[in-house]
There are 2 protein chains.
Amino acid sequence: MNIGDVAERSGLPAKTIRYYEDIGLIRPHRSANGYRCFAENDLHKLAFLARARALGFSIEDCRTLLGLYEDDTRASADVKALAQEHLTKIEAKIADLEAMRDTLTELVHCCAGDNRPDCPILKDLAGDIECL
Amino acid sequence: MNIGDVAERSGLPAKTIRYYEDIGLIRPHRSANGYRCFAENDLHKLAFLARARALGFSIEDCRTLLGLYEDDTRASADVKALAQEHLTKIEAKIADLEAMRDTLTELVHCCAGDNRPDCPILKDLAGDIECL
DNA sequence: ATGCTCCTTCCAGCAACCGGAAGGTCAACA
DNA sequence: TGTTGACCTTCCGGTTGCTGGAAGGAGCAT
């Protein structure tokens with residue numbers, strides 16, 4: 001398969017696939033004309049990567065996960081630990097974003113949103129606490 | 001004030017303050033020795049920026065917000081619209097992260113986490129759906 | 001031969017900084 | 001007076017995970 005085919009079948013852009021080769025996540029063969037030549041196994045790995053990325057794993061985590069995936073003697077504990085750690089980070093991010101959301105929601109709620117200049121959002125940013 | 005003083009008082013690293021000058025968010029004067037020389041107004045702006053950044057506004061949003069802040073003839077509707085748009089993006093991000101969290105939570109829950117190789121997390125990533 | 005699409009490599013850039021090198025300045029202290 | 005140490009300066013490169021574009025080769029249809 002050429003890169004266009006695996007791009008379509010994996011859902012990853014060709015650019016991304018080349019990048020993954022660049023950083024050593026995959027190692028497709030080359031045809032005589034210099035084109036990358038992908039086997040089913042490469043496609044499978046790319047789909048794995050696409051899914052792991054969609055779950056928010058970093059590239060380095062993905063590298064580790066691929067390594068574990070290909071290691072028949074892995075301990076599931078290692079995979080679980082990685083996933084758990086990632087989950088913890090995601091939960092922290094959610095908490096951060098929720099704090100922003102709550103503050104912003106209140107500020108937006110307090111702002112008249114008319115054509116007058118008076119604005120509690122700017123006041124809050126400027127350090128004048130107002131509105132409740 | 002020198003940069004170290006405003007860094008301490010605004011809570012922003014000196015590097016960040018220099019960067020903000022670079023991209024034109026602030027324009028501190030210079031002393032005879034070439035050191036940046038910050039007025040109270042600069043400090044005030046930096047605190048404004050720090051707070052806006054903490055609420056997740058992008059640098060470009062911050063630039064706009066600062067502009068609105070300094071414009072006495074602004075309409076609060078413009079500020080509110082910007083904040084509302086940002087809020088919507090944050091809510092979308094939260095939703096994305098929550099979807100990841102939910103999937104990961106389930107996968108982590110399904111994984112034995114022992115020293116055997118069998119792992120539903122890897123199976124899921126590989127496209128074999130298992131575990132409910 | 002021409003045109004079109006696909007492929008290749010390489011280079012630049014995005015956000016929002018951070019780290020470090022190389023060097024100038026300043027205040028204090030022996 | 002010399003020197004130490006803390007501060008300041010600029011500049012360059014790296015971070016993450018790609019994305020866009022330029023310049024050029026390959027393959028196929030007409």
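We use all heavy atoms of the structure for the numbers below, so side chains are in, but hydrogens, waters and symmetry mates are not. Sequence lines set the chain letters: A, B, ... in the order given, protein chains first and strands last, and positions in each chain run from 1.
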Rounded distance (nearest 0.5 Å) linking atom CZ of A:F38 with atom CZ of A:R9: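 If we round to the nearest 0.5 Å, A:F38:CZ and A:R9:CZ are 12.0 Å apart.
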All N/O pairs under 3.5 Å across the protein-nucleotides 19-22 of chain C interface:
unit_1: C:dG19; atom_1: N7; unit_2: B:K15; atom_2: NZ; d: 3.0
unit_1: C:dG19; atom_1: O6; unit_2: B:K15; atom_2: NZ; d: 3.0
unit_1: C:dG20; atom_1: O6; unit_2: B:K15; atom_2: NZ; d: 2.2

Look at the side-chain N and O atoms of [X] and state whether any lies under 4.0 Å from the OP1 or OP2 oxygen of [N].
{"X": "B:T16", "N": "C:dA16", "value": "no"}
{"X": "B:R30", "N": "D:dC8", "value": "no"}
{"X": "A:R53", "N": "D:dC18", "value": "yes"}

Distance check needed: [N] [atom2] versus [X] [atom1], whole Å only.
{"X": "B:N2", "N": "C:dA27", "atom1": "CG", "atom2": "C1'", "answer": "13 Å"}
{"X": "B:M1", "N": "D:dC8", "atom1": "CE", "atom2": "C1'", "answer": "16 Å"}
{"X": "A:Y19", "N": "C:dT9", "atom1": "OH", "atom2": "P", "answer": "16 Å"}
{"X": "A:I17", "N": "C:dC7", "atom1": "CD1", "atom2": "C1'", "answer": "13 Å"}
{"X": "B:K93", "N": "C:dA15", "atom1": "NZ", "atom2": "C1'", "answer": "11 Å"}
{"X": "A:L12", "N": "D:dC18", "atom1": "CG", "atom2": "C1'", "answer": "11 Å"}
{"X": "B:R18", "N": "D:dC8", "atom1": "CZ", "atom2": "C1'", "answer": "7 Å"}
{"X": "A:E8", "N": "C:dC6", "atom1": "CD", "atom2": "C1'", "answer": "13 Å"}

CA sep, side-chain torsions, deciding dist, call: B:R101, B:E106, salt bridge (Lys or Arg N to Asp or Glu O under 4.0 Å): CA-CA 8 Å; B:R101 180 196 59 191; B:E106 188 176 315; over 6 Å; no
Worked verdict on A:E60 versus A:R63 for salt bridge (Lys or Arg N to Asp or Glu O under 4.0 Å): CA-CA 5 Å; A:E60 284 318 302; A:R63 196 189 297 279; 3.0 Å; yes
So, the side chain of [X] versus the backbone of [Y]: is there a donor-acceptor pair under 3.5 Å, distance only?
{"X": "B:D42", "Y": "B:A39", "answer": "yes"}
{"X": "A:S10", "Y": "A:L12", "answer": "yes"}
{"X": "A:S76", "Y": "B:D114", "answer": "yes"}
{"X": "B:R30", "Y": "B:Y35", "answer": "no"}
{"X": "A:D5", "Y": "A:N2", "answer": "yes"}

Verdict with supporting geometry, A:R74 and B:R116, side-chain contact (heavy atoms from CB on, under 4.5 Å): CA-CA 7 Å; A:R74 69 186 163 250; B:R116 287 171 302 168; over 6 Å; no
Sugar-phosphate only, base, or nothing, as touched by B:I3 at under 4.0 Å among non-hydrogen atoms: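 Here B:I3 touches the backbone only, sparing every base.
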Sugar-phosphate, base or nothing in reach of A:R36, heavy atoms under 4.0 Å: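 It contacts sugar-phosphate atoms only.
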Which residue lies more 5' along DNA chain C, comparing A:E21 with B:Y20 via nearest heavy atoms: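 Its nearest nucleotide being more 5', the pick is A:E21.
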DNA chain C contacts made by residues 58-69 of chain B, counting heavy atoms under 4.0 Å: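 Under 4.0 Å from DNA chain C: B:S58, B:I59.
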Charged N-O contact under 4.0 Å between B:R36 and B:E21: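 Counted as a salt bridge, because a side-chain N and a carboxylate O are separated by less than 4.0 Å.
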Any side-chain heavy-atom pair of B:F57 and A:L104 under 4.5 Å: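 Of all side-chain heavy-atom pairs linking A:L104 with B:F57, at least one is under 4.5 Å.
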Within-4.5 Å side-chain heavy-atom neighbours: B:L107 and B:T103: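 They are in contact (side-chain heavy atoms under 4.5 Å apart), so the answer is yes.
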Identify each atom pair where a protein N or O and an N or O of nucleotides 26-28 of chain D are less than 3.5 Å apart, giving names and distance.
unit_1: D:dA26; atom_1: O4'; unit_2: A:Y35; atom_2: OH; d: 3.2
unit_1: D:dG27; atom_1: OP1; unit_2: A:N33; atom_2: ND2; d: 3.1

